[in-house]
Amino acid sequence: MRVGTVVWLCLPSTVLTVSGSRGLETLTMIRLSALRLPRTIDVNLGDDSRTLYLVLQRTPSTVARCAMYNRPRSANTPVFSEPKLMPNRRVIALSLVLSLFCAPILAQNGGGDLLARIRKEAMDRSQIMKTMHMLTDVYGPRLTGSPNHKAAADWAVKQMTAWGLSNAHLEPWDFGHPGWLNERLTAHIISPVKDPLVCEVLSWTPSTKGTVQAKALQIVLPDRPSQQQLTDFFNAQKSRVRGRIVLVGKHTIVPINLNPPPKRNTEEQVQQRFGPNARPFAFPTPSPTPTPDPNAPKPLTNAQIAEQLDLFLRDNGALVRVNDAGREFRQIRAFNNRTFDVNKAVPTVVMSNEDYGRITRILADGTDVVLEFNIVNRVYPEGTTSYNTVAEIPGTDKTDEVIMLGGHLDSWHAATGATDNAIGCAIMMEAARILQGLGVKPRRTIRVALWSGEEEGLLGSQVYVKQHFGSFESPKADYEKFGGYFNIDSGTGLVRGAGVFGPPEAAAIMREILEPFKADGVVGAVATKSRNLGGSDNTSFSQAGLPGIGMGQDPIEYNSNTWHTNLDTYERILEDDVKKDAMVVAWSAYELAIRDNLLPRFATNDMPAKPAETATTQPSATPQRTVPTKKSENKTTKPRRHRR
């Protein structure tokens, strides 16, 4: 910016002329570069009664119109006519209206005008908690393949369309398993005392045959058995399990935690993770595996034991299987029958550690314990097709290039899936709503995606990446037009930084984009070379060699209390934190969408090798799109798998 820049500071009764405001000059120039100014510009930044005008000398090809909105014209309102601003044809005035309150922000980060508007929209007119209410209270839990998930996806399409986003639709993919939903569960101890029990049903297991009441039996399997040892154990237990409610395994002793983890990361921790001198993440050194006796029988894997145990209980007439949750304060994590086939298991619940321990101790006294269960589950054959939910803000001159932001809409079923991961979806929807509501015109298309099948192995996002972009080894036409995917999937805490798959230059750009949020606790960004699949959906992009961007957050109660547990509800959301997260994502996505160039990627010779894929059945996309159905038709009464 040339020295001749003149700044008029306009207050209701005073006009001042200031020259050489170095901070404003420098950072306004950054913003002007980012805007890619057309020949004519109208700027509307709200109704603040104090307005800052910047009149900048530009080339003769640019004309700017400066409008003051929602303010009555007064005698003190300056009128800038072209003759006054352009004494000769070499000087053209460009006027921008900025909020005076945001001048300090402008001085720090350029583009303070839009940043201030994003901040105001995010903090004062947020829709994020309403979105959370719908996704959790109304449609949760949202197990992949369930009618709840489909209803939530349909609602998200309608809501994003109502906000003005374009091309909102569902993209189907082949989940390969029927949907499943628990409709009813009651659990009680009947004798020697009467009390309700705290339990959750294991998904993809069958119902009881009405209300069942029977004596409890506890069995403890041998440790790391061979096939012969397990067979001998089953033969010894056959006559005992018929007609019984079977507790499987010892009671887990959960020690009292005298040093609970802090809910916020310290400044030192986030600097180590995202700062300019971040330490590379190192996995803990595993304990050495004892050298097996070459003459000893080969032990079975946990998966083999689990499959044989389920069939043993089914074939020998057990009424219900009960597992110990093994967590404090009645927390329960209930996942799924590994086969996804209700015919290969008995009705199964995960019981709170406290109730399981109580029953174990009474049985150890030699006293019979009578339990009662009523479990109603339903299978939905149509759930074999699941859906990703997609909507976008179209770009302008680079509309075929795409910046994406998303989270997984599916959840486990023990609660309503608030922190994992309705809030990630709500943040991304809110970021898009903010940009759409402010009327910004990104150069690249900004696309929101709400995935399904994440909890079962990042299935929905893997299908999407393969279908739309391909991979570094097998790219599709749009592979080179992809500009980055932002992901949130670690709860309700403040965003503190970002991990970017790509070379150091990519992280440097993200670090610069996040710079305006230092006062909000955002530290920076770091580069990663890992193409390993796991953790969350950003790794589906990274594995393909695309810039997946994982946003790191304060833990709050995520790892300790809410992740996959029956406590993961709306009440666990920190409203102020998630409003700020939406603000950070909105700004970051927009900044990537208006740059001249896409984020740098690894050069061909520097691309990390793709890890070998495991021999699992991969989901496949189905070709058609679906139209969202009416709500009433579908409403029903992070280590991950890779994490569990």
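Starting from 1, each residue takes its place in the sequence as its number. Worth saying up front: this structure is predicted, and the values here are computed from it rather than measured.
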Side chains of [X] and [Y], donor plus acceptor under 3.5 Å:
X	Y	answer
Thr360	Gln218	yes
His564	Glu455	yes
Ser461	Asp537	yes
Thr569	Glu571	yes
Thr339	Asn337	yes
Ser452	Trp173	yes
Gln331	Asn561	yes

Minimum heavy-atom distance between [X] and [Y], given as atom pair plus value:
X	Y	answer
Ile332	Ala414	O-CB, 4.3 Å
Ala216	Leu247	CB-CD1, 4.0 Å
Pro297	Ser226	CB-CB, 3.4 Å
Leu319	Gly243	CD1-O, 3.6 Å
Val201	Ile375	CG2-CG2, 4.0 Å

Could you tell me whether [X] and [Y] have a side-chain N and a carboxylate O separated by less than 4.0 Å?
X	Y	answer
Arg572	Glu557	yes
Asp315	Arg242	no
Glu575	Lys579	yes
Arg496	Glu267	yes
Arg142	Asp410	no
Asp554	Lys263	no
Arg314	Asp310	no
Asp324	Lys250	no

Legend entry - Derivation and outcome, side-chain hydrogen bond (donor to acceptor under 3.5 Å, both in side chains), residues Asp489 and His408: CA-CA 8 Å; Asp489 185 19; His408 68 90; 3.2 Å; yes
Flag side-chain contact, heavy atom, 4.5 Å: [X] against [Y]:
X	Y	result
Val349	Asn323	no
Leu258	Ile256	yes
Val342	Asn377	no
Val193	Arg358	yes
Ser352	Leu197	no
Ser203	Phe340	no
Arg264	Asp577	yes

Inset, instruction - Assign the ring pair Trp155 / Tyr139 to parallel, tilted or perpendicular, where the plane angle (0 to 90°) is split at 30° and 60°. - result: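 Trp155 and Tyr139: tilted rings.
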Inset, instruction - Would you please classify the geometry between the Phe234 ring and the Phe312 ring as parallel, tilted or perpendicular, with 30° and 60° separating the classes? - result: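 Answer is parallel, since the angle falls under 30°.
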Point-to-point distance, once rounded to the nearest 0.5 Å, from [atom1] of [X] to [atom2] of [Y]:
X	Y	atom1	atom2	value
Asp568	Thr562	CG	OG1	5.0 Å
Thr131	Arg433	OG1	CZ	8.0 Å
Asp137	Met134	CG	CE	9.5 Å
Asn353	Arg327	CG	CZ	10.5 Å
Ser536	Asn421	OG	CG	6.5 Å
Glu372	Lys194	CD	NZ	8.5 Å

Inset, instruction - Assert yes or no for the condition that the ring centre distance of Trp451 to Tyr464 is strictly below 6.0 Å. - result: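 When the ring centroids of Trp451 and Tyr464 are compared, they turn out to be within the sub-6.0 Å range.
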Legend entry - is_close_aromatic(Phe335, Trp412), centroid dist under 6.0 Å: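 Yes - the distance between ring centres of Phe335 and Trp412 falls below the 6.0 Å cut-off.
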